[in-house]
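From a predicted model like this one, the values you see are computed outputs, not experimental measurements. In each ligand, atom 1 is the first atom listed, and ligand 1 is the first ligand listed.
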Amino acid sequence: MTLNVGVIGTGMIGQDHVRRLSRVLSGVRVAAVTDVDPDRARGVAEGLPDARVHANGQDLIDDPGVDAVVVTSWGPTHEEYVLAAIAAGKQVFCEKPLATTRDACDRILDAEVAAGRRLVSVGFMRRYDEQYRAMKAVVTGGEIGDPLLMHAAHRNPSVPDFFTSEMIINDSTVHDIDVARWMFDDEIAAVRVLTPRVSSKAREGFNDPLLVLLEMHSGVLVDVEASVNAGFAYDIRGEVVCEDGTVELSESAGVVTKRAGTHSGRVPADWRERFVRAFDTEFQAWIDAVTAGGTTGPSAWDGYAATVACETGLIALRSGDREPVLLRERPALYDKDSS
Ligand code: NAD
Ligand code: ISE
């Protein structure tokens, strides 16, 4: 059976996902696309066999030839399309963030709970990265004792001019927030944000880098160095410190070159290169689960918890204080973690 997917938003990641859905993965085809920029949607559809171009996201969701929906439009538009997919009873894969505010995430949780089954999966692809998975296996296996700390770095080479200090938290650190919750199977109790010396490459008034401190309920502390003008490459780092040892992500280059007294390896150019296999694995798992009549992956609860932690991070950025993360009670629908 082939799953017919409709993609809302054919920008950078939308096009990358269309490529993997149409050329890399199995059991799926892109049946329809839409974008507020109709020329962009048409251009993407031209490269696909028999894909329909819809005028808007609602028309695509209503298309009887679309079995499931992928949302890759701008963050503030996610709520509308995720709610519409739930109302139509269609499975929806939503790129991060699930939605940009706590209230919007609340509305999505309420709608999914009312539907009585999981229909939403959120694109936190790091959970599918081989290195992060191996790290979690060591941490949960207990072979190096209980975890105490995690050090993480999320370094982007550069960002467009519209990027702000707030987006370092909402757009970038949101991944590290999800990793912390998943790695330690725990919620975040509080957030603090420190502002180191500002990079001379950052625009006027832009705090870059940031040091984000996440305090888990267990007491584990996670420090995230988040920077978006690192220049040299896209560099993702992580190390968990446990009572009897440490475990860290290795360099992602497949080979090391030794030459003239040095050794070197490639650092990825961007998230597409660093996480290419994670995205593939994430989507194949979702396609297989949806075809079998269910879903898998990070849930709407995971999306909600990450957005609330980000909102709290923005408060902490302004206050300079430790700010508690206050979550609603988790609905029973999310008791069983299916990721
Ligand atoms: P982008 O600006 O390149 O593309 C977004 C597209 O959505 C644009 O083509 C835009 O015209 C379209 N769009 C905007 N509003 C729309 C609407 N109401 N209906 C239909 N189309 C609409 O942005 P991007 O970098 O591709 O990011 C898109 C989403 O993917 C964001 O939520 C972003 O956070 C997420 N993202 C995730 C990762 C990841 O690593 N998981 C990486 C990049 C982006
Ligand atoms: C981008 O939107 C992503 O999600 C990438 O994974 C992240 O590394 C980058 O900082 C974001 O801008």
Specify side chain, backbone, both or neither for D35, according to which of its non-hydrogen atoms lie closer than 4.0 Å to ligand 1.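 D35 to ligand 1: contacts from backbone and side chain alike.
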Side chains of [X] and [Y], heavy atoms from C-beta outward: is any pair under 4.5 Å?
X    : Y    : value
R328 : W301 : yes
R126 : D176 : yes
Y81  : L60  : no
D59  : T34  : no
V198 : F206 : no
V70  : W286 : yes

Show me which atoms of ligand 1 lie under 4.0 Å from any heavy atom of [X].
X    : result
M12  : 1 (P), 3 (O), 4 (O), 25 (O), 26 (O)
D171 : 34 (O)
H78  : 32 (O)
F279 : 39 (C), 40 (O), 41 (N)
V36  : 11 (O), 13 (N), 14 (C), 15 (N), 16 (C), 17 (C), 18 (N), 19 (N), 20 (C), 21 (N), 22 (C)
T77  : 15 (N), 18 (N)
G9   : 7 (O), 21 (N)
G123 : 41 (N)

Of all the non-hydrogen atoms in the protein, which one sits nearest to [atom], and at what distance?
atom                    : result
atom 14 (C) of ligand 1 : W74 CE3, 3.0 Å
atom 7 (O) of ligand 1  : S73 CA, 3.4 Å
atom 4 (O) of ligand 1  : G11 CA, 3.2 Å
atom 11 (C) of ligand 2 : D171 OD2, 3.3 Å
atom 7 (C) of ligand 2  : H154 NE2, 3.4 Å
atom 43 (C) of ligand 1 : W271 CZ2, 3.3 Å
atom 26 (O) of ligand 1 : I13 N, 2.8 Å

Tell me whether the count of non-hydrogen atoms from other residues, nucleotides or ligands lying under 6.0 Å of CG in D244 goes above 12.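 Enclosed: over 12 neighbouring heavy atoms sit under 6.0 Å from CG of D244.
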For R203, does the CZ atom sit with more than 12 other heavy atoms under 6.0 Å from it, leaving out its own atoms?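 Count over threshold, so yes.
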Atom indices of ligand 2 within 4.0 angstrom of [X] heavy atoms, with elements:
X    : result
S172 : 9 (C), 10 (O), 11 (C), 12 (O)
N156 : 8 (O), 9 (C), 10 (O)
Y234 : 5 (C), 6 (O), 7 (C), 8 (O)
K96  : 1 (C), 2 (O), 3 (C), 4 (O)

Heavy atoms only: which of R274, H175, R40, E282 lies closest to atom 39 (C) of ligand 1?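 Selected option, by shortest heavy-atom distance: H175.
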Measuring from atom 33 (C) of ligand 1, which candidate in M125, K96, E95, M167 has the nearest non-hydrogen atom?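 The residue whose heavy atom sits nearest atom 33 (C) of ligand 1 is K96.
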Heavy atom of M167, distance to ligand 2 below 4.0 Å: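 Under 4.0 Å: no for M167.
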Could you tell me if any non-hydrogen atom of [X] lies under 4.0 Å from any atom of ligand 1?
X    : answer
Q15  : no
A41  : no
F124 : no
G57  : no

Is it true that R127 and D129 have a side-chain N and a carboxylate O under 4.0 angstrom from each other?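 Looking at D129 together with R127, the answer is no, because their closest N to O distance does not fall below 4.0 Å.
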Taking the basic N atoms (NZ, or NE/NH1/NH2) and the acidic carboxylate oxygens, is any pair closer than 4.0 Å for D110 and R107?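 Salt bridge: no.
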May I ask you to check whether F93 and F283 place their ring centres under 6.0 Å from each other?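 Between F93 and F283, which both carry aromatic rings, the centre distance is below 6.0 Å.
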Should T291 and D288 be marked as a side chain to side chain donor-acceptor pair (under 3.5 Å) after you check the CA-CA gap, both sets of side-chain angles, and the distance that decides it? CA-CA 5 Å; T291 303; D288 294 347; 5.5 Å; no
Please lay out, stage by stage, how D35 and T10 fare under the test side chain to side chain donor-acceptor pair (under 3.5 Å). CA-CA 6 Å; D35 196 290; T10 52; 3.2 Å; yes
Close N or O approach ([X], ligand 1; < 3.5 Å):
X   : value
Y81 : yes
P97 : no
T34 : no

Can you tell me if N4 uses its side chain to pair, donor with acceptor, with the backbone of D67 under 3.5 Å?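 No: the side chain of N4 does not pair with the backbone of D67.
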Counting N and O atoms only, with roles assigned by atom type, does the side chain of N229 sit under 3.5 Å from a partner on the main chain of S158, one being a donor and the other an acceptor?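 The answer is no, because no donor-acceptor pair under 3.5 Å joins these two groups.
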Say whether H175, considering both its backbone and side-chain N or O atoms, lies within less than 3.5 Å of an N or O atom on ligand 2.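 Yes, since at least one N or O of H175 sits under 3.5 Å from an N or O of ligand 2.
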